[in-house]
Amino acid sequence: MADKLEPIWRAVAAIPRGAVDSYGGVARSAGLPGRARLVGHALKVAPAELALPWHRVLNARRRISFPKGSDEHHRQRQLLEREGVRFEGGRAIPATTAIADLDAWLWKPRPGPNHE
DNA sequence: GTTGTGACGACTT
DNA sequence: AAAGTCGCCACAA
């Protein structure tokens, strides 16, 4: 078994339900920065027994990488929606977006007394 | 060895 | 926004 694929599979398995990650993000988590394509390959050849949440991996634009209209595309979208991920204009909105938005609000430089 | 392809991504037009 | 270009590298022919 290729040693490179195992850390990738682990990283994918670690994506929480309702969340999504990108191929590049998974690659970095696996200690293989710049190897996004390898992640795609790893998922393609992943043994079914691992039951990986492969559907939580999208491309950097948070879009499904399969051609729109393909069976795989539809299957992935259905699996994501089943766990609370919504789609707007083909873009995936993770179930944890509310938290991400709050985080952005907390960090956004807003008008008012600000001390550095 | 060389070439083309690809579940990708960052950058530049 | 959309289309190129380039870097990445495993794999098949």
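Letters A, B, ... mirror the listed sequences (proteins, then strands); counts begin at 1.
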Subject >> Atom-to-atom span, CG of A:Asp21 to C1' of B:dA7 - whole angstrom >> reply: 14 Å
**OP:** Write down the distance between NZ (A:Lys44) and P (C:dA10), rounded to a whole number of angstrom.
**Re:** 14 Å
Original post:
What is the distance from CH2 of A:Trp54 to P of B:dC8, rounded to the nearest Å?
Top reply: 13 Å
Original post:
OP1 or OP2 of C:dA10 less than 4.0 angstrom from a side-chain nitrogen or oxygen of A:Lys4, does that happen here?
Top reply: yes
**OP:** Return the minimal non-hydrogen interatomic distance between A:Val57 and A:Ser22, and the atom names on each side.
**Re:** CG1-C, 4.0 Å
Original post:
A:Asp71 has an atom CG; how far is it from atom C1' of B:dA7, in whole Å?
Top reply: 15 Å
**OP:** Using a cut-off of strictly less than 4.0 Å, decide whether A:Arg61 has a side-chain nitrogen or oxygen near OP1 or OP2 of B:dC8.
**Re:** no
**OP:** Would you mind reading off the distance between A:Arg35 atom CZ and B:dA7 atom P, rounded to a whole angstrom?
**Re:** 16 Å
Original post:
B:dA7 C1' sits how many Å from A:Ile15 CD1, rounded?
Top reply: 13 Å
Original post:
Is any side-chain N of the basic residue among A:Arg91 and A:Glu88 closer than 4.0 Å to the acidic one's carboxylate O?
Top reply: no
Original post:
Does A:His41 place a side-chain N or O at less than 4.0 Å from the phosphate oxygens OP1/OP2 of C:dC11?
Top reply: yes
Original post:
Closest heavy-atom contact between A:Val85 and A:Ala92?
Top reply: CG1-CB, 4.1 Å
Original post:
In whole angstroms, how far is the C1' atom of B:dA7 from the CG atom of A:Leu79?
Top reply: 14 Å
Subject >> Euclidean distance, atom OH of residue A:Tyr23 to atom P of B:dC8 [Å, nearest integer] >> reply: 6 Å
Original post:
Of the non-hydrogen atoms in A:His73 and A:Pro67, which two are nearest, and what is the gap between them?
Top reply: CB-O, 3.3 Å
